[in-house]
Protein chains: 2
Amino acid sequence: MNRKTPLKRVRTKQKRLSADDRRSEFVTKATELFAEEGFGGGTRALARKLGVTQPLLYRYFPSKDDLIKEVYRKVYLEPLEIGWERLLSDRSRPLRARLQEFYEVYTDAIFNRRWLRIYLYSGLKGLDINRWYVGMVKDKILTRILRECRHDAGLATQSRPSAAELELAWVFHGGIFYYGVRKYIYEAPVLEDKAQMISDALDIFLAGFERMAESATDRRRAPIKVVG
Amino acid sequence: MNRKTPLKRVRTKQKRLSADDRRSEFVTKATELFAEEGFGGGTRALARKLGVTQPLLYRYFPSKDDLIKEVYRKVYLEPLEIGWERLLSDRSRPLRARLQEFYEVYTDAIFNRRWLRIYLYSGLKGLDINRWYVGMVKDKILTRILRECRHDAGLATQSRPSAAELELAWVFHGGIFYYGVRKYIYEAPVLEDKAQMISDALDIFLAGFERMAESATDRRRAPIKVVG
DNA sequence: GGCTCAGTTTATCGAGCGATCACCAGAGAT
DNA sequence: ATCTCTGGTGATCGCTCGATAAACTGAGCC
């Protein structure tokens, strides 16, 4: 980043970084550590990863909790920088292609061990930022997708999607998300072709949406009694 | 359970349980504690929940890790007692009804804060038992479902499902699972009618399966090139 | 060269952790 | 009434944790 010293050759046994560099190094390595160990990971283990001593952390963060907050900020904001508004709503392209590309890009951003583990750990802590993220997925992704689907199907683009539509979208989204969990958290064998997986999931989601749109042209469809 | 003392009125300030009772009480309360706090939850906090002192734990478990293993056993084996073999494979009933009922019963068993949190925490620890469970879901649930689907569609009931079929089933299963996570972990608002959610998810899964079965009557279908 | 200031270390504190050991106490058998 | 067996307690050990305070050090400036 902004190293103050003008390009002096970096010594092999590097110490004495600039404040900004050291601070961001703490956040980066803390993300790695907490991803593996959970937020119970120790400040001494963190310092060891940087090759410094533990009290140095407290020159840059008043407490471990503040460091954790910084990690949250970094992790939760990272995947938001792909500009999905533009991607999802660009009606000059076919809907199917937009959805496919969006989910490929989105999953490229979040499908990695680091991101998923931090996300799950912080979700288990029940923090506000996690609720915020879930709400953001709903408002900025799923609602937008449903609006585009309704537009594509020639339906009224109502301001808010129905609960049933949202649930359909959530199950679809969750199914894709779970692919990442299986691969990077459970380290279970998955279909290697991620794009194919997205394509297949999209197939059934879009078919399901059409089916739902047909069976009730604008009202909530009657529930189908199935259970035996 | 098996209280030795013959029905003597339980004293309000109950102490001195039988060994079996005390032991299972430890496991039960430990499950609650670890579900909330993660496995970092303290033995003293656990003892406080039972109204006893902390060293008593070590009369019943040689170490905290052994207690945790017992918690795993309890949590992972609980939902297995619903007899899904019978439920899924009973071909005297229509496939759709079997699947609906299975997922209603299965989610009744695992969709609660305690189970889901323990499951996620232990998944993050990357233990063998978690991998075992995921493999069990694949072999005992998804593979079985796919076999029944193939039979229902008049296809050859091959011994093992194709990778694409399995992935389809996983996305479906994961989508349903994620409903529980949203409700009990993220405590986000969900469509309250769980049976309806399952029904909708089944609709699109079955439609997707038929679609996949059509486009390749017995061979792996050619991938659809979509990405823009 | 010596001053200064910011990045870093050494030493240490109090609290909480898992675990151990000697001891206590009360119900059941005799 | 007393003995015994076992469920339960009190005290404590060694360790790790997050956090603090004071001392050290080396690059930049005069």
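What's counted below: heavy atoms across the whole structure, side chains too, no hydrogens, waters or symmetry copies. Chain letters run A, B, ... following the sequence lines, proteins first and then strands; every chain starts at 1.
For the side chain to side chain contact (heavy atoms under 4.5 Å, CB included) criterion with B/K194, the lone passing option out of B/L191, B/V190, B/I198 is B/I198.
Between A/Y103 and A/F177, the distance separating the two ring centers is not shorter than 6.0 angstrom.
A straight line from CG of A/L33 to C1' of D/dC17 spans 14 Å, rounded to a whole angstrom. For the pair A/R22 CZ and D/dG26 P, the interatomic distance rounds to 15 Å; values are reported in whole Å. Distance B/R16 CZ to C/dA25 P: 11 Å, rounded to the nearest Å. Note: CD (B/Q54) to P (D/dA11) measures 14 Å, nearest angstrom. D/dC17 atom P lies 16 Å from atom CG of A/D65, rounded to whole Å. In this structure, the CG atom of B/L46 is 15 Å from the C1' atom of C/dA19, given to the nearest Å. A straight line from CG of A/L17 to C1' of D/dT25 spans 15 Å, rounded to a whole angstrom. A/F39 has its CZ atom 14 Å from the P atom of D/dG18, to the nearest Å.
Checking B/G40 against A/P55, the closest nucleotide of DNA chain C that is more toward the 5' end is the one next to A/P55.
Between C/dG7, C/dG18, D/dA19, one nucleotide has an atom nearer to the side chain of A/S63 than all others, and that is D/dA19.
Taking every heavy atom of both residues into account, B/L168 and B/G208 meet most closely at CD2-C, 4.1 Å.
Contact check, B/R59 against D/dT9: no side-chain N or O comes under 4.0 Å of OP1 or OP2. Applying the 4.0 Å criterion to OP1 and OP2 of D/dG18, one finds that A/T43 has a side-chain N or O inside that range. Side-chain N/O atoms of B/Y58 include none lying less than 4.0 angstrom from OP1 or OP2 on D/dG8.
Under 3.5 Å, the side chain of A/R44 and the base of D/dG18 form at least one donor-acceptor pair of N or O atoms.
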Stepwise side-chain contact (heavy atoms from CB on, under 4.5 Å) test for B/Y178 and A/Y178: CA-CA 7 Å; B/Y178 202 63; A/Y178 203 63; 5.6 Å; no
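Residue contacts for A/F61: at a heavy-atom cut-off of 4.0 Å it reaches no nucleic acid atom on any strand shown.
Between the side chains of A/S122 and A/Y76, a donor-acceptor pair is found at a separation under 3.5 Å.
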